[in-house]
Amino acid sequence: MTSPRFLVGIIPLRLGLRLVVALAALYAAPAAAQSKATIKMGDNLPDRSNTWGAIVEQINTEFKAAHPGTEIVTESYPDQPYQQKIKIYATARQLPDVFKFWSFTSLLKPLIDGGFVAPLDRAAFEGLGYLPGALDSNTYRGQLYGIPVSTDFWVIYYNKQLFKDAGIDHVPVTLEELYALAPRFKAKGIIPMTTDGKDAWPLSITFDLLVWRISGQNGLPRQALERKIKFTDPVFVQAARELQRLVTSGLFQDDLMVSDYGAARNLFGQGKAAMYLMGSWELGLGADKAFSPEFRAAVDAFKFPALKAGKGTIDELMAWYGGNYVVSAASKHLALGKQYLAFYARRFPELAWDRQAALPAQTVKPRPSDTQVARSILRIIGEAKATSGTASVDLSTPRFKDDNENAIRELCSGLITPEAFVKKLDAAAEKAAKK
Amino acid sequence: MAAVARSRAAIAGLIVPGLCVLTFSLVVPLGFSAYFSITDSAGFGEYHIVGADNYREILGDEVFCRSLRNVVLLIAVTIFLQNPIAFVLAAVLSRLSARVSRILRTVYFVPAVLSLVVVAKLWVDVFNPTFGVLDKLLRAVGLDALAVSWLSNPRTAVAAVLWIIVWQGFGWALLFYYAALMTVPRELEDAARVDGASWPQIYRHVIIPYIAPVIAAVIVNDVISSMKQMELIYLTTAGGPGQLTQFLGVYLYQKAFVTGEYGYGNALSVVFVVVSLVLSLVVLRGMRALAR
């Protein structure tokens, strides 16, 4: 017979055992889940069904197949909101495991200095066909921190059909010829050219390029940032005047200064604008199914024109390696993140060129089936006599980048004179140099 | 119960939860903000104490001054333009039949219930110089010279964003005034009319003094929402062209999270709090006097 006292003891024992089993099950659940790793990814490609976004999705699918149990969760926003998001995530120490970021000095370097980016094994990326200097562009204090994904340079895209309709049979090779096109397109109700004026960096790049076209000298903005020359020197005033003229000549869409990247791109893609001032990363316009087949067949690119009175030529290119992919130093899946990057580096160039979505930072082979715009992009880079990075956007402090863009906005809105603009730039450069 | 009310410990115990919420939601964040405002923090990584450097910079910051000016301008526009129009319309609505009044009130209130993103997108499209309906209308009636890029033209940008903000907030002011006007006893009006008062006199000496507390509340609300203005500017012009349409909320966000000047952004937010406090005190005092 079981004494009631014994029963009192046995009931808690049974309960205790159940508790132990339940706790063990609870403990075992995360242990089983641990074999499933979820990589959080961040990039600026919200459209996952087209060009770049579709390629990244395919790479993700292939990577997951090669690494069973791995999940990839992507957070994607348009360019500028995405950059802001990454900065906020860095502030909150919640960066994605793998993410895209740009402009080594002005954007990525502060993250590396803060210890947020994991160093990579350069040997894992050597031999993957990176172009000369591509990996160096993300090498800091002897360590590789990110892999650049594209070869970027400044061009003008154009719609051949709209050129033909306006009776224009050749692309402009001087800025004077470019200005002369504006009234001809406007007479047909077509916007001559679009770009992203709201974010200002395209205008900053154009300003640097104008300095080069005027002077024929490579790297003057960089020298001014290093304080070897001044932004108030006449060549910068001249370039500012030319940039202001470019904007006020009626070449761009009327709401240029509040037009963002997507709006500018859509105006061109929908055939409402004849030209689009942007980087070579937009060669995917020729394959973007969001636009009509007529547009895709008609899109092409030409070199940014020279100035009649300038010393520079059209074969001098503003070019750099862009869109770095990095791994967060705080990632719980550091090794997996690095494997993903190596996988990405192997697959991206082939897929990007195969789908004519981007010009990778790695070697590609031209094929007869390449789109017209892709062929032109390859020709333009092939004919380049000299290249230079984007000093105003990439080579200084985040503060200078911001000051520069604000001054550009004021200049292009006609709120300040070219003389006042260069003074602002010089004061900003002085401040940046002291940092 | 009376014993509880007299017990200091009980009173303290009842106050503590509210005090904790206030401390952690207001005092602690403000303390952090004040601390980071004296640093050169980028929001992450190493930073240094820079003393009052950020505050000194704010004193010479043209964009900050312009942001403040725009806030004051918006307050003025809402108080002296939006409110009188809303009041007059509310007065007219209060005299119409219930059915007509209900339909019109709904129409006027629709902008207030729309999402800010929808409002911003709507007006950006209306003001668009290429496909916007406004410029198309102007051109259709031969007013080509007036068809401009409303949001990016330096001469029209400020007015255009103010219009969007006022348009969106108009429904609230109208609703408050209408509700207040409906509470005015008819006897007061009748008595004034018997005394020979005209309509303007009835409004000036009877109705407006009667609903003065509501007017005060609407104005305080306008001042607060003008100071907090951020989303509509961010979604329409982001402060452009140049920095012409910049507002404090957008500016400090851009400084803290776009350009990586977290320390400076925090200094701006501290100044923002001080300015808001001063402005609120001034308005409350003024309103108290008006209500009296």
Side-chain angles (χ1 to χ4, degrees), chain A residues 80-81 83-93 95 106-107 109-116 189-191 194 197-200 247 252-260 263 267 270 272-273 397-416 424 431 435, chain B residues 36 40-48 50 57 60-63 66 120-121 124-125 127-132 135 147-157 160-161 233-246 251 253-266:
Chain A
Q80 295 300 309
Q83 282 188 24
Q84 292 166 27
K85 200 84 179 172
I86 287 296
K87 286 176 188 171
I88 292 168
Y89 280 156
T91 307
R93 299 185 179 276
L95 281 167
S106 57
L107 288 177
K109 186 172 164 285
L111 287 186
I112 294 170
D113 286 338
F116 290 90
I190 296 289
I191 300 167
T194 67
K198 186 177 184 179
D199 299 315
V247 174
F252 289 104
Q253 69 268 41
D254 286 341
D255 59 345
L256 172 70
M257 299 317 293
V258 291
S259 244
D260 64 15
L267 279 175
Q270 287 162 2
K272 295 203 162 48
T397 60
R399 174 71 190 262
F400 178 81
K401 180 176 182 283
D402 180 49
D403 287 343
N404 173 292
E405 287 170 2
N406 281 337
I408 288 270
R409 285 187 186 103
E410 290 182 323
L411 176 78
C412 294
S413 301
L415 298 170
I416 53 173
K424 283 195 170 201
K431 231 183 261 177
K435 279 236 168 184
Chain B
F36 279 108
D40 63 355
S41 170
F44 46 80
E46 278 183 23
Y47 60 84
H48 309 95
V50 294
E57 204 174 325
D61 187 341
E62 288 171 27
V63 183
R66 192 170 293 155
K121 179 83 185 111
V124 165
D125 285 351
F127 285 142
N128 187 290
T130 312
F131 52 79
D135 280 359
V148 295
S149 175
W150 297 89
L151 287 168
S152 66
N153 187 323
R155 274 178 294 183
T156 55
V161 293
I233 301 298
Y234 186 77
L235 291 166
T236 51
T237 62
Q243 298 279 358
L244 268 187
T245 61
Q246 195 59 275
Y251 187 48
Y253 170 80
Q254 286 177 342
K255 280 289 173 190
F257 297 112
V258 179
T259 66
E261 292 173 80
Y262 191 68
Y264 191 71
N266 274 289

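In this text, all values refer to a predicted model and were calculated from it rather than measured experimentally.
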Sort out for me which of Ser152(B), Gly239(B), Ser149(B) touches chain A most, counting heavy-atom pairs under 4.5 Å.
Ser152(B)
Contact origin within Thr130(B) toward chain A - heavy atom pairs under 4.5 Å:
side chain
Go through the atoms of Tyr47(B) and report whether side chain, backbone, both or neither lie under 4.5 Å from a heavy atom of chain A.
neither
Quick check on Ser41(B) against chain A: is it the side chain, the backbone, both or neither that has a heavy atom closer than 4.5 Å?
neither
Compare every heavy atom of Ile416(A) with every heavy atom of Leu411(A), then report the nearest pair and how far apart it is.
N-CG1, 3.6 Å
Does any backbone or side-chain atom of Lys198(A) lie under 4.5 Å from a heavy atom of chain B? Answer side chain, backbone, both or neither.
side chain
Of the non-hydrogen atoms in Asp135(B) and Asn128(B), which two are nearest, and what is the gap between them?
OD2-O, 4.3 Å
Parallel, tilted or perpendicular: which one describes the rings of Trp150(B) and Phe127(B), with boundaries at 30° and 60°?
tilted
I'd like to know which of Pro154(B), Ala256(B), Ala42(B) tops the heavy-atom pair count under 4.5 Å against chain A.
Pro154(B)
Heaviest contributor of heavy-atom pairs below 4.5 Å to chain B, chosen from Ala92(A), Gly197(A), Ala200(A), Pro110(A), is Pro110(A)
Against chain B, work out which of Asp260(A), Leu256(A), Asn406(A), Asp113(A) has the most heavy-atom pairs shorter than 4.5 Å and name it.
Asn406(A)
Please look at Ile191(A) and chain B and tell me whether the side chain, the backbone, both or neither of the residue comes under 4.5 angstrom of a heavy atom of that chain.
side chain
Applying a strict 4.5 Å limit to non-hydrogen atoms, the region of Gln83(A) in contact with chain B is neither
Measure distances from Tyr253(B) to the heavy atoms of chain A and classify the residue's part below 4.5 Å as side chain, backbone, both or neither.
side chain
Is it the side chain or the backbone of Gln246(B) that comes within 4.5 Å of chain A heavy atoms, both, or neither?
neither
